[in-house]
Amino acid sequence: KAGTGLPNHTAPGPISVLVLDGRVAFTAKGEQCDLGAHELVTLPARIPHEVMALEDSAILVTIADPITHTNPAGLESERAVEAEQSSQGG
């Protein structure tokens, strides 16, 4: 419904948000991105973000399993995100 959304929050794993219908504002890292039908945005784990419907909309949110210590490549990626967040005071 227009004017409703999800306030600032984080997800435990990487996410994707696909707009199926309508238009939404997706905000992360201080930048707002307006998305229309069939547009997609992705975000690494634990990055604060929010979504607001600019008009009546339907979205598909996918949250991947959090990265674990059993995935060496994933662990490096997670460490890079943590380092970036630490350097930005978050």
Side-chain angles (χ1 to χ4, degrees):
K1 183 164 172 98
T4 63
L6 297 171
N8 201 32
H9 63 283
T10 63
I15 67 163
S16 67
V17 178
L18 173 64
V19 180
L20 301 173
D21 190 39
R23 211 164 50 90
V24 303
F26 183 89
T27 304
K29 296 183 176 184
E31 294 186 34
Q32 180 176 313
C33 171
D34 291 353
L35 302 169
H38 311 289
E39 292 185 308
L40 173 81
V41 66
T42 63
L43 197 64
R46 297 191 319 266
I47 302 294
H49 59 279
E50 61 185 78
V51 181
M52 177 67 64
L54 300 174
E55 57 188 53
D56 290 354
S57 302
I59 62 173
L60 173 64
V61 177
T62 305
I63 304 173
D65 281 335
I67 297 168
T68 67
H69 67 281
T70 59
N71 178 343
L75 182 58
E76 271 311 304
S77 175
E78 184 171 290
R79 286 181 179 153
V81 168
E82 288 173 349
E84 180 181 340
Q85 288 176 341
S86 293
S87 71
Q88 295 175 356

Enquirer: Atom CZ of Phe26 and atom CE of Met52: how far apart are they, to the nearest 0.5 Å?
Expert: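 Phe26 CZ to Met52 CE: 13.0 Å, rounded to 0.5 Å.
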
Enquirer: My understanding is that a hydrophobic cluster links ILVMFWY residues whose side chain heavy atoms are under 4.5 Å apart, including indirect links. Using that, what else belongs to the cluster containing Leu60?
Expert: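 Reading the cluster by chain and number, Leu60 sits alongside Leu18, Leu20, Leu40.
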
Enquirer: Which residue pairs satisfy the salt bridge (Lys or Arg N to Asp or Glu O under 4.0 Å) criterion with at least one member in residues 9-19, sequence neighbours excluded?
Expert: none

Enquirer: Does any pair with a residue in residues 6-17 pass side chain to side chain donor-acceptor pair (under 3.5 Å), and if so which ones, sequence neighbours excluded?
Expert: His9-His49

Enquirer: Filter on side chain to side chain donor-acceptor pair (under 3.5 Å), then keep only pairs touching residues 20-37, sequence neighbours left out; what's left?
Expert: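 Qualifying pairs, neighbours excluded: Lys29-Glu84, Gln32-Asp34.
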
Enquirer: Give the cluster check for Leu6 versus Ile15: same hydrophobic cluster or not, with ILVMFWY residues linked at side-chain heavy-atom distances below 4.5 Å.
Expert: no

Enquirer: Under the side chain to side chain donor-acceptor pair (under 3.5 Å) definition, can you give me all pairs with a residue in residues 51-63, not counting sequence neighbours?
Expert: none

Enquirer: Under the side chain to side chain contact (heavy atoms under 4.5 Å, CB included) test, which residues partner Val19, sequence neighbours left out?
Expert: Val24, Leu35, Ile59

Enquirer: Where do Pro12 and Ala45 come nearest, in terms of heavy atoms and distance?
Expert: O-CB, 3.5 Å

